[in-house]
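Heavy atoms only: backbone and side chains are in, while hydrogens, waters and symmetry mates are out.
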2 protein chains.
Amino acid sequence: MNEPMDMEAVLERLKEKGLRLTPQRVEVITLLYQLSHPTAEQVYSLMSKKFPYVSQTTVYSTLKMLKDLGLVNELTYGDRSSHFELTQEEHAHFNCKSCGEIYDVDVKDAHQLQYMLHAEQGYQVDFVRLEFYGTCPACAAGGKSEADAGRTKQ
Amino acid sequence: MNEPMDMEAVLERLKEKGLRLTPQRVEVITLLYQLSHPTAEQVYSLMSKKFPYVSQTTVYSTLKMLKDLGLVNELTYGDRSSHFELTQEEHAHFNCKSCGEIYDVDVKDAHQLQYMLHAEQGYQVDFVRLEFYGTCPACAAGGKSEADAGRTKQ
DNA sequence: ATATCAATTGATAACAATTATAATCAAAAA
DNA sequence: TTTTTGATTATAATTGTTATCAATTGATAT
C-alpha cells in the first residue's frame with residue numbers, strides 16, 4: 001500500500017507557505033497520521049483531551065487549509081459528515097457495511113479507465129474516485145464487530 | 001448508454017407495493033425522467049410550478065420512498081446536497097468542473113476491478129461507485145458555460 | 001353514497017454539519 | 001515596545017435534511 005508523505009514534510013509545507021505551526025495544527029496533523037479516515041468530529045473529540053478549549057472551528061479550518069494545500073483529501077459519503085485522509089498515491093476505498101471501517105485498497109489498473117474515457121469519449125479526467133461497498137475479510141470471517149469501527153490505523 | 005426502466009414500470013412497482021399514485025408522486029417521478037441528476041431542491045423548485053403548495057417534505061419523502069424501493073439511486077458529493085437518478089445498469093459518472101454537469105458514462109471493465117479485489121484480497125463487494133472529475137468534451141471545446149449546468153437530459 | 005381508516009400531505013419545528021462573524025489572543029515585524 | 005498580522009475562540013447563522021403531527025385524501029367495506 002502507498003504511504004502518505006511523512007509528517008516532517010507536511011509541517012515543512014506549512015512553513016513554506018508562511019503558515020504558523022500552532023500546537024492545534026500540529027495536533028490535527030498528528031491525529032490524521034494516527035487515525036483511519038476520521039471525521040472532523042472524531043478529530044475534534046480526540047483533540048479535546050490535549051486541548052480542552054479547542055473549538056470545532058479550529059478543526060474545520062485546519063482541515064480546510066490542509067485540503068486547500070493538497071495535503072489532505074476529503075471524502076464524502078451518504079452519511080452526514082465528511083471523512084479526511086492524508087493525500088497519497090491514487091487508491092480506492094473499501095467501505096465495510098458490517099464494521100463501518102474504511103480501508104485503503106490498491107487497485108492497479110483503475111487509472112487505466114480514465115485513459116479509455118479520454119481516448120474514446122473525449123473527457124479530460126483530473127482525478128478518479130473509486131469506492132467499493134461490501135463486507136471486509138475480517139467481518140466475513142466473523143472476527144469483527146461494529147464496535148471496532150473508527151479504530152486507529154493498524 | 002443504459003436506460004432506466006420505463007415510467008410505466010416504475011408506477012406499476014408502486015402499485016404492487018400498495019402505495020398510492022398521488023399526483024405529487026407522479027410528478028416527482030416524471031421530473032426524474034426529465035432532469036439530469038437533480039437535487040431534491042431542484043425537483044422541489046420545478047414541482048412548484050404545477051403544485052404551488054407542495055412542500056419540501058413531500059419531495060424528500062417521495063425520493064426516500066423510491067430509494068428504499070431500489071428505484072432511485074442517491075449520489076452524494078462534496079459540499080453540495082444529494083443528487084438523485086433513476087436506477088439503471090451499473091455505470092460511472094463524470095463531473096465537469098466547468099459546467100457542473102454530471103454525465104452518465106459507460107465504463108466497461110470497471111466491474112472487473114471488484115472481482116480482482118475479491119479474488120486477491122478477500123473483500124466481498126456489493127457495489128461499486130466510480131466518479132470521474134475533470135472537464136467534459138463540450139467545455140473543453142469552449143462551447144459550454146456554467147449557466148448551462150442543471151439542464152434537462154439531452 | 002357514506003362511514004371507516006390508513007396512507008399521504010404539508011406546516012412547523014428540530015436537527016446536525018458546517019460556515020460566518022466578531023472579539024480575543026499570540027506571534028512576528030517594525 | 002508598539003504595531004501588525006494571523007490564529008483561535010465563542011457565538012450565532014446557515015444549509016440540507018428529518019421528525020412531529022394535525023388535516024386531508026383516497027381506497028375499501030358497508
TODO: Just compare D:dT25, C:dT9, D:dT17 and give me whichever is closest to any side-chain atom of B:R20.
DONE: D:dT25

Open item on the list: Between A:L11 and A:L63, is there shared hydrophobic-cluster membership here, with clusters defined by ILVMFWY side-chain heavy atoms closer than 4.5 Å?
Closed with: yes

Open item on the list: At 4.0 Å (heavy atoms only), tell me whether B:T22 reaches a base, stays on the sugar-phosphate, or touches nothing.
Closed with: sugar-phosphate

TODO: Return the 5'-most residue of the pair B:K64, A:G18 with respect to DNA chain D, ranking by each residue's nearest nucleotide.
DONE: A:G18

Open item on the list: Rounded to whole Å, how long is the line connecting atom CD of A:E74 with atom P of C:dA17?
Closed with: 14 Å

Task: Spacing between B:Y60 atom OH and C:dA14 atom C1', to the nearest angstrom - done: 15 Å

Task: Atom-pair distance (CD on A:Q56; P on D:dT11), nearest Å - done: 13 Å

- [ ] Check the distance between D:dT17's P and B:L75's CG and give it to me in whole angstrom.
- [x] 12 Å

Open item on the list: Tell me whether A:E16 at atom CD has more than 12 heavy atoms from other residues, nucleotides or ligands lying less than 6.0 Å away.
Closed with: yes

- [ ] Looking at every strand, decide which applies to A:Q24 at a 4.0 Å heavy-atom threshold: base, sugar-phosphate, or nothing.
- [x] sugar-phosphate

TODO: Would you confirm whether A:T87, through its side chain, and A:G70, through its main-chain N or O, come within 3.5 Å as a donor-acceptor pair?
DONE: yes

Open item on the list: As an exercise, state the distance from CE of B:M47 to OH of B:Y53, rounded to the nearest 0.5 Å.
Closed with: 14.5 Å

Task: Phosphate OP1/OP2 of C:dA11: any B:S55 side-chain N/O under 4.0 Å - done: no

Open item on the list: Please classify the nucleic acid contact of B:S82 as base, sugar-phosphate, or nothing, using heavy-atom distances under 4.0 Å.
Closed with: sugar-phosphate

Open item on the list: Tell me the interatomic distance from B:L19, atom CG, to C:dT9, atom C1', rounded to whole angstroms.
Closed with: 14 Å

Open item on the list: Whole angstroms only, please: what is the CG-C1' distance between B:L21 and D:dA27?
Closed with: 13 Å

TODO: Can you tell me the distance, in whole Å, between the CG atom of A:L63 and the C1' atom of D:dT8?
DONE: 15 Å

- [ ] Calculate the interatomic distance between B:R25 atom CZ and D:dT24 atom P; express it in whole Å.
- [x] 19 Å

- [ ] Identify whether any heavy atom of A:T57 sits under 4.0 Å from a base atom; if not, whether one sits that close to sugar-phosphate; answer base, sugar-phosphate or nothing.
- [x] base

Task: Parallel, tilted or perpendicular, as decided by the 30° and 60° cut-offs, for the rings of A:Y77 and A:H83 - done: perpendicular

